[in-house]
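As structure tokens, the structure follows; a few thoughts come after it.
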Amino acid sequence: MKRARTALLWLLLGAVVVALALRHRDDGVEHPVARRQFLAMGTQITITLAAPESANSAAALDDAQQRISAFAQIWAPWGDGALATINQQLRANQTAPIPDDMLPLWTRALSLRARSDGAFEPRIGALVRLWGFDDVARLRSEPPAPAAVRAALSDISAAPLSLGPCAGPVDRRCYGPAPGVQWDFGAIAKGWIVDQTLAELRKAGFDNALVDAGGNLAVRGQHGTRPWRIGIRNPRGDGSAEHPRLLATVDAHDEAVNTHGDYERYFEFAGQRYCHILDARSGMPVQGLQAVTVLHPDAAYADAAGLAVFVAGPLGWREAAARLGLEQVLVVTADGHIIATPALMGRLHAEPGIRIEPMDAPP
Amino acid sequence: VTRGDAWVLAVLVALVAWVGIYSWGHPSGGVRQWFAAPVPATWVELRCGDGTPQRYPLSAPRTLDIRCRIGLSRIIIEAGRVRFISSPCSGQLCVHAGWLTRSGEMTTCLPNGVSVRLGGTDNSLPAIDAVSQ
């Protein structure tokens with residue numbers, strides 16, 4: 001009987017080992033998802049619901065796609081949508097009435113502009129166009145003339161910031177005249193619509209969802225029985241063993257994971273990379289960082305504040321992140337150092353061969 | 001069977017029951033994965049614009065030409081991975097994106113409207129749901 005008891009004890013030990021092992025096996029199961037993928041806002045939008053495909057999920061995805069497409073039409077700086085019409089009126093030296101349904105995002109953008117000391121600047125449209133970053137199909141091969149950049153900058157600095165009452169008896173908000181200003185909400189609009197879409201999906205009963213607007217993404221709930229797992233792109237990764245495409249993965253919980261990088265739209269001239277992220281105060285593409293990733297519960301905030309951290313550059317990013325209340329930040333410097341804030345460091349699962357350094361105290 | 005053996009047996013049964021109950025709903029997938037259907041092979045989906053995606057297995061090397069908005073994009077599958085090798089766009093960002101290897105990764109040639117997305121479960125690397133980029 002003693003032998004039997006020993007055998008049973010070994011079985012017991014085995015059961016404990018199995019229980020522990022189970023905690024780390026999470027990739028054998030594909031959880032059902034309903035997914036919709038489409039092009040809008042100049043990028044690929046992917047909505048993933050952690051739910052089986054059904055008439056309900058299809059209706060929710062249809063609705064989300066329609067909302068995002070309508071939003072994209074309203075907020076495109078160029079073309080024939082509402083913002084494009086405002087920009088046309090400003091070019092014609094007219095005062096532009098702002099539709100009421102545009103005011104929430106508009107005022108949010110202005111408040112984030114103030115909080116970022118102008119590093120995030122929605123009046124940047126003319127400058128973006130001057131640099132040729134407004135059209136994915138048309139990239140410049142050389143920088144614009146310095147005089148043209150200076151002229152665009154002085155137009156921005158001379159122009160008013162806030163909206164005022166329109167002339168006449170109707171209670172509406174107007175902007176202008178400011179002929180040099182073209183509004184472009186590109187650095188907040190994707191985050192905003194990602195949040196709005198997640199809120200609408202929740203109302204429709206889909207509490208577990210991921211909305212990805214070209215890598216600018218946020219999640220709610222989880223993916224089946226595990227958290228949503230998000231990869232963070234290696235700015236110089238090409239999928240080779242030396243340069244993996246991802247730096248790390250992170251399990252996301254009801255938050256946005258937002259990355260700004262110098263690799264999405266850029267051109268090279270005389271050995272210098274000119275990326276699409278412009279510093280509205282110098283009129284020039286930002287140099288010195290390859291990428292900035294921020295995690296924050298609010299996707300619109302993550303979008304605009306993440307941009308402000310990128311614009312702050314290699315010397316100023318720590319201070320900018322602290323000032324903007326961003327605790328979870330990952331930065332890749334121009335010379336390839338990968339640095340994470342303490343709050344994010346413990347959450348990251350670095351890819352093989354990737355070394356992430358903890359951030360020093362702010363200077 | 002002595003009283004001691006009965007106790008050990010009872011504890012063992014309780015422990016096994018606990019492991020089962022605890023891990024059934026555990027975020028790791030728990031014991032359910034032992035009963036789950038076999039996972040599908042790793043595949044790639046190619047799509048032009050908002051059209052219907054075409055799915056190809058990554059198990060066999062091949063070259064895929066897809067004509068979309070402004071011309072022909074060429075994509076190759078090789079050694080379980082996939083990449084753009086040419087596309088009629090000025091930026092060539094999709095080509096510079098290099099090899100996609102992991103389930104959940106995606107890249108798009110926006111000017112041509114061609115997107116490539118990997119799916120299925122990779123045995124060597126955990127699947128991801130999206131890439132922040």
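Order of the sequence lines sets the chain letters (A, B, ...), proteins ahead of strands, with each chain counted from 1.
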Reported CZ-to-CD distance for the pair B:Arg117 and B:Glu105, which is rounded to 0.5 angstrom: 12.0 Å

Cut-off 4.5 Å, heavy atoms of chain B, and the answer for A:Ser141 is neither

A:His260 and A:Asn258: side chain donor to acceptor below 3.5 Å: yes

Under 4.5 Å heavy-atom distance to chain A, tell me which part of B:Arg83 shows up: side chain, backbone, both or neither. neither

Identify which of B:Ile128, B:Val131, B:Asp129 forms the greatest number of heavy-atom pairs closer than 4.5 Å to chain A. B:Asp129

Part of A:Phe267 within contact of chain B (heavy atom distance under 4.5 Å): neither

Relative to chain B, which segment of A:Ile230 carries a heavy atom at a distance below 4.5 Å: side chain, backbone, both, or neither? both

Paired with B:Ile75, the side-chain contact (heavy atoms from CB on, under 4.5 Å) test is passed by just one of B:Thr63, B:Thr107, B:Val114, namely B:Val114

Distance from B:Ser73 atom OG to B:Leu64 atom CG, nearest 0.5 Å? 11.5 Å

Output the option from A:Gly215, A:Gly239, A:Ser240, A:Gly42 having the highest count of non-hydrogen pairs under 4.5 Å with chain B. A:Gly215

Where on B:Leu93 is there a heavy atom nearer than 4.5 Å to chain A: the side chain, the backbone, both, or neither? side chain

Of all of A:Val257, A:Asp238, A:Thr48, A:Thr293, which one pairs up most often with chain B through heavy atoms under 4.5 Å apart? A:Asp238

Side chain / backbone / both / neither for A:Leu39 at chain B, heavy atoms under 4.5 Å: both

For each of A:Arg265, A:Arg36, A:His243, A:Arg35, tally heavy-atom pairs with chain B at distances under 4.5 Å, and name the one with the top tally. A:Arg35

Measure up the A:Phe269 and A:Tyr274 rings against each other and bin them: parallel (under 30°), tilted (30 to 60°), perpendicular (over 60°). tilted

Could you go through the disulfide bond (SG atoms under 2.5 Å apart) check for B:Cys48 and B:Cys68 one step at a time? CA-CA 6 Å; B:Cys48 169; B:Cys68 203; 2.0 Å; yes

If you define the side chain from C-beta out and look only at heavy atoms, does anything of A:Arg245 sit under 4.5 Å from B:Gln133? yes

